[in-house]
Each structure stands twice: as C-alpha cells, then as structure tokens.
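Excluded from the calculations below are hydrogen atoms, water molecules and symmetry mates; all remaining heavy atoms, backbone and side chain alike, are included.
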Amino acid sequence: MKKSALLAFAAAAAIGTSPLSAANVIPSEKDMSAYLLVYFSDSDHSIHFAVSRDGYSFTAVNDNRPVIAGDTLADQRGIRDPHIYRGPDGNFYMALTDLHIYAKKHGLRDTEWERPDEYGWGNNRGLVLMKSSDLINWTHNETRLDKLFPEEFGEIGCAWAPQTIYDPERDAMMVYFTIRKKGEHLKNATKDERKTRLYYAYTDKDFTKLVTKPEKLYEYPDEDIQVLDADICPLPNGGYAMTYVAQENPGGIKIAFSDKINSGYNYIPTQIDGEPKGCEAPNVWKRIGENRWVVMYDVFSISPHNFGFVETTDFKTFIPIGHFNDGPMKSTNFTSPKHGAVIQITSEEADRLEKHFCQK
C-alpha cells in the first residue's frame, strides 16, 4: 500500500463475523449538525474536502489543497469522481474512478490514454475503493475489472463514477457505476457494448474488491442514448430514487424510481435540472432536520464550470436554487469543483477534520 504525503493510511478495524448492519453504531440524524463535501479538481486529480455548518456555505479544508493525493491511490496516478457514503457499521466508504485525463500533458505517460485510441475517450479499467472509521485514516485498494472478470470485461472500454450504497437484503455494500463494456472503436464490439451503461456489483466485507460480476442496473428505453453517473437515494416512505445522466441534447439529470435497490427502475422522460446546457454527476443529499433534499450536479457546459442545485420535498417537483455563488449556495475558498458528493456529519467530526488539516 502506498502512503499519501498528505494523509496517513491506517487499517480500519475489522468488522469481524458480525453483520455489516450492526445496530446502534451510526449516529442518527438528530446527532448531525454539519456536512462534508468531497470533490476533485482537474488541476490535480486528487481528493478535496469541504465542510459546511449550515448546508449552504462550504469551506474547503487544507486551504483547498488535496487531502489525499491522487498519485498515491491509482494505477493512472490520478482519480476522478469521488463519492462518499456512511455505512450502517459507522464506517465511511469512498469509491473513485482510476483515471487521469491529463497524464500525457503532466508527463505521467507517453500516450493520451492508458490504451490505444480504439478503446475510446478516457479509457480505463479500474476503480479505487477506500474505507475509514474517522475520515482521517483510510485504507485503499485498486480493483481492476479486466482482471477480476476477464471473460466478460477483458476488453472493457471504461469504468467510471463509482458510488456506494448499503443493500439491506444482501447485507453488503453495493458499488454501482458506468461501464462501456468494450472499446469504443473495437471491430468486435456491438452497438450496445460501445455505449456507456449503468452496472452494479457487490464488494467483500472489508471493501477491498468486487466479489460479484457487474450486472446491468438499468435499461434506458433508447439504446442509442448513453446513460451514466447514477446516484441512488433511499426514499422516506420506502423504495429508492435514482438520479442519472442521459446524454440527450442537452445531456442532463433524470430520475427513476424502484422498490428494489438494484433493479426495476422506471423511465420518466423529464429532466429535473433545469439547465439550458449539459450537466452531469448528480448527488442527492438531505438537509438536516428538514423534509427537503438537494440534488447537486456538475455543470460542465459553462466556463468556469460549477456545481448547480435544485431542491425537492416530494421527488416530483424540483426547484432550482442556482449555482455556487450565484444563489444561496456558497463556496468560500474554492472554485470549479468537479463531480462531488455530500454527507451529513456530526459537529465532532467536522471539528476533527478542520483541526487536523489546520495543522498541515
């Protein structure tokens, strides 16, 4: 295991033989009083943290320097698309794309992409899985789909934007992500294999690797449209809402619902983001103590790029509340964040992060 110059890695306590869903470990919502935003930057392909006490104004810790350097984590010496999740065992889980899109420019490889161009834009084969009990010390493991599942994914075109959720029926962590099954221009690839689709798989108890073969999570009704960047949110009255991106014109955020976490999502044609141009990377998070959820997304089609936000109380009506710094949402000491995710945290956890990185 490699060590970050910015954050020491330490083995998290083993869960042992008890179920992942150990009772009374995770703080309840009444214990929460702050928010943690995790994101990355195109300039460094590394992990950044920002803390908010009110859910509106976010301040990056470590003066917006990386909290974990991407070149310590990934085969390609850079990460993208970080997602964070608090599990029912009280541990924190991060999943990331193993990809550096500027590696040639930064002298990290001789070619634009890791493999020849017939594998397509941004071609990569792996994900990074991380786990922590305190948000400071993390384990990390690189997992390669082409090596784990060579018969079906030996010629994988890409594996992007992994996210994590606990599946209570399986008592296991489910990672769901975007796959282009074969290289974009490989002669032996079918039309379906050349498009990005949504898949899911389960991990081992220690969150070190995928232990089930990735399966389709969702079938979009138009096979010519690529779908990517899913985010699954449990609904207050049961069932699940999945936001995702459909690359239509413009590409934007759609929502689907299911009673099952890993299948049965229905198609709803309306986009919910309200952006005039393309956006991606939705993430849904709940405001503490309120019957209100925020859908945050990455507006890549504007310059400089920014995060956009809509709010909902019923998952039917979505009210735009602007972008960072042109509405109620503020980023106080950072600009142009990429592909982020937000979780609720306690005041003690927020204090610990701010104190730790103030000392760096």
Practice prompt. Show the numbers, then the answer: is there a salt bridge (charged side-chain N to carboxylate O under 4.0 Å, His left out) between Arg125 and Glu114?
Written response: CA-CA 9 Å; Arg125 295 168 282 190; Glu114 185 181 27; 3.4 Å; yes

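- Residues Asp314 and Lys316 are not paired through a salt bridge, judged by the lack of any N-O separation under 4.0 Å between the basic side chain and the carboxylate.
- Using a 4.5 Å cut-off between side-chain heavy atoms of Ile, Leu, Val, Met, Phe, Trp and Tyr, with links allowed through other members, Ile272 and Val227 fall into different hydrophobic clusters.
- Both the sub-6.0 Å distance and the 45° axial angle are satisfied by Arg170 relative to the ring of Tyr202.
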Worksheet entry | Gln344/Asp31 under side-chain hydrogen bond (donor to acceptor under 3.5 Å, both in side chains): CA gap, chis, key distance, verdict | CA-CA 10 Å; Gln344 299 174 2; Asp31 301 312; over 6 Å; no

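- Interatomic distance, Ile343 CD1 to His83 NE2, rounded to the nearest 0.5 Å: 9.0 Å.
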Item to complete: Kindly indicate, with the supporting measurements, whether the criterion salt bridge (charged side-chain N to carboxylate O under 4.0 Å, His left out) is fulfilled by Asp351 and Arg53.
Response: CA-CA 10 Å; Asp351 291 344; Arg53 302 289 177 157; 2.8 Å; yes

Item to complete: Determine, stepwise, if the pair Thr332 / Thr59 fulfils side-chain hydrogen bond (donor to acceptor under 3.5 Å, both in side chains).
Response: CA-CA 5 Å; Thr332 64; Thr59 299; 2.7 Å; yes

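- Judged by the 6.0 Å and 45° rule, Arg144 forms no cation-pi pair with Phe149.
- In the hydrophobic clustering of ILVMFWY residues, with side-chain heavy atoms under 4.5 Å counting as a link, Leu108 and Leu73 come out apart.
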Practice prompt. Decide salt bridge (charged side-chain N to carboxylate O under 4.0 Å, His left out) for Arg80 and Asp98; before the verdict, give the C-alpha distance in whole Å, the side-chain angles of both, and the deciding distance to 0.1 Å.
Written response: CA-CA 7 Å; Arg80 297 176 71 83; Asp98 184 338; over 6 Å; no

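- Side chains of Asp231 and Thr243 form a contact here, defined as non-hydrogen atoms less than 4.5 Å apart.
- Using a 3.5 Å distance cut-off with no hydrogens or angles, the side chains of Tyr199 and Tyr176 do not pair a donor with an acceptor.
- The closest side-chain heavy-atom distance from Lys205 to Asp171 is below 4.5 Å.
- Between Phe324 and Phe309, a ring centre-to-centre spacing shorter than 6.0 Å is recorded.
- With rounding to the nearest 0.5 angstrom, the CG atom of Leu99 is 6.0 Å from the NE2 atom of His45.
- Between the side chains of Gln76 and Arg109, at least one donor-acceptor pair of N or O atoms lies under 3.5 Å.
- Using a 3.5 Å distance cut-off with no hydrogens or angles, the side chains of His339 and Asp81 do pair a donor with an acceptor.
- Side-chain rings of Phe177 and Trp160 stay apart, their centers remaining 6.0 Å or farther from each other.
- In this structure, the side chains of Val295 and Asn283 stay at 4.5 Å or more apart for every pair of heavy atoms.
- For the 3.5 Å distance criterion, the side chains of Asn141 and Thr143 fail to qualify, holding no donor opposite an acceptor.
- In terms of heavy-atom proximity, Thr196 sits nearest to Gln226 at N-OE1, 2.9 Å.
- Not less than 6.0 angstrom separates the ring centroid of Tyr85 from the ring centroid of Tyr93.
- Hydrophobic clustering (side-chain heavy atoms under 4.5 Å, transitive across Ile, Leu, Val, Met, Phe, Trp, Tyr) groups Leu235 together with Trp293.
- Closest approach of Cys279 and Asp273 over heavy atoms only: SG-CG, 3.5 Å.
- Applying side chain to side chain donor-acceptor pair (under 3.5 Å) to Ser331 and the options Asn306, Asn325, Asn64 leaves one that passes, Asn325.
- Rounded to the nearest 0.5 Å, atoms OH (Tyr200) and CD (Glu215) are 5.5 Å apart.
- A distance of 9.5 Å separates OG1 in Thr212 from CG in Asn262, rounded to the nearest 0.5 Å.
- Here Trp285 and Tyr35 bring their ring centres to under 6.0 angstrom of each other.
- A salt bridge is defined here as a Lys NZ or Arg NE, NH1 or NH2 lying under 4.0 Å from an Asp or Glu carboxylate O, and Lys191 with Asp224 meets this definition.
- Checking Arg180, Arg197, Lys182 one by one against Asp192, the salt bridge (charged side-chain N to carboxylate O under 4.0 Å, His left out) holds for a single residue, Arg197.
- By the 4.0 Å N-to-carboxylate-O rule, Lys187 lies too far from Glu118 to be salt-bridged with it.
- The main-chain N or O of Pro150 is never found under 3.5 Å from a side-chain atom of Asp146 such that the two would form a donor-acceptor pair.
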Discussion item. Could you go through Leu135 and His356, starting from their C-alpha distance and side-chain angles, then the distance that decides it, and tell me whether this counts as side-chain contact (heavy atoms from CB on, under 4.5 Å)?
Written reply: CA-CA 10 Å; Leu135 296 170; His356 178 83; over 6 Å; no

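- The CE atom of Met32 sits 9.0 Å away from atom CD1 of Ile345, with the distance rounded to the nearest 0.5 Å.
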Worksheet item: Ser132 and Asp134: side-chain hydrogen bond (donor to acceptor under 3.5 Å, both in side chains), yes or no, with the steps?
Response: CA-CA 6 Å; Ser132 174; Asp134 61 4; 3.1 Å; yes

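- Considering all non-hydrogen atoms of both residues, Asp229 and Leu198 come closest at N-CD2, 3.9 Å.
- Heavy-atom minimum distance, Lys338 versus Tyr39: O-CB, 3.5 Å.
- No hydrogens or angles considered: nothing links the side chains of Asp259 and Tyr240 as a donor-acceptor pair under 3.5 Å.
- Looking at heavy atoms from C-beta onward, Cys158 lies out of side-chain contact with Trp121 at the 4.5 angstrom threshold.
- Formation of a donor-acceptor pair under 3.5 Å by the Thr178 side chain with backbone atoms of Leu228 is not found in this model.
- Annotation for Lys213 and Glu152: closest pair NZ-OE1, 2.9 Å, computed over non-hydrogen atoms.
- By the 4.5 Å heavy-atom criterion applied to side chains, Tyr56 and Lys330 are not counted as neighbours.
- To the nearest 0.5 Å, atom NE2 of residue His140 and atom CD1 of residue Ile47 are 9.5 Å apart.
- Hydrophobic clustering places Met296 together with Met329 (ILVMFWY residues linked when any side-chain heavy atoms are closer than 4.5 Å, directly or through intermediates).
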Item to complete: Before giving the answer on salt bridge (charged side-chain N to carboxylate O under 4.0 Å, His left out), spell out for Glu112 and Lys104 the whole-Å C-alpha distance, their side-chain angles and the decisive distance to 0.1 Å.
Response: CA-CA 5 Å; Glu112 183 177 10; Lys104 182 179 180 181; over 6 Å; no

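- In this structure the side chain of Asn266 never reaches within 4.5 angstrom of the side chain of Ser258, judged on heavy atoms.
- Counting heavy atoms from C-beta outward, Thr139 and Met130 have side chains that stay 4.5 Å or more apart.
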Worksheet item: Should Phe334 and Leu37 be marked as a side-chain contact (heavy atoms from CB on, under 4.5 Å) after you check the CA-CA gap, both sets of side-chain angles, and the distance that decides it?
Response: CA-CA 12 Å; Phe334 62 99; Leu37 165 65; 4.0 Å; yes

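- Annotation for Ile232 and Met174: closest pair CD1-CE, 3.9 Å, computed over non-hydrogen atoms.
- Tracing side-chain contacts under 4.5 Å through hydrophobic residues (I, L, V, M, F, W, Y), one reaches Tyr267 starting from Ile225; they form part of the same cluster.
- Residues Tyr119 and Leu186 meet the side-chain proximity criterion, which asks for heavy atoms closer than 4.5 Å.
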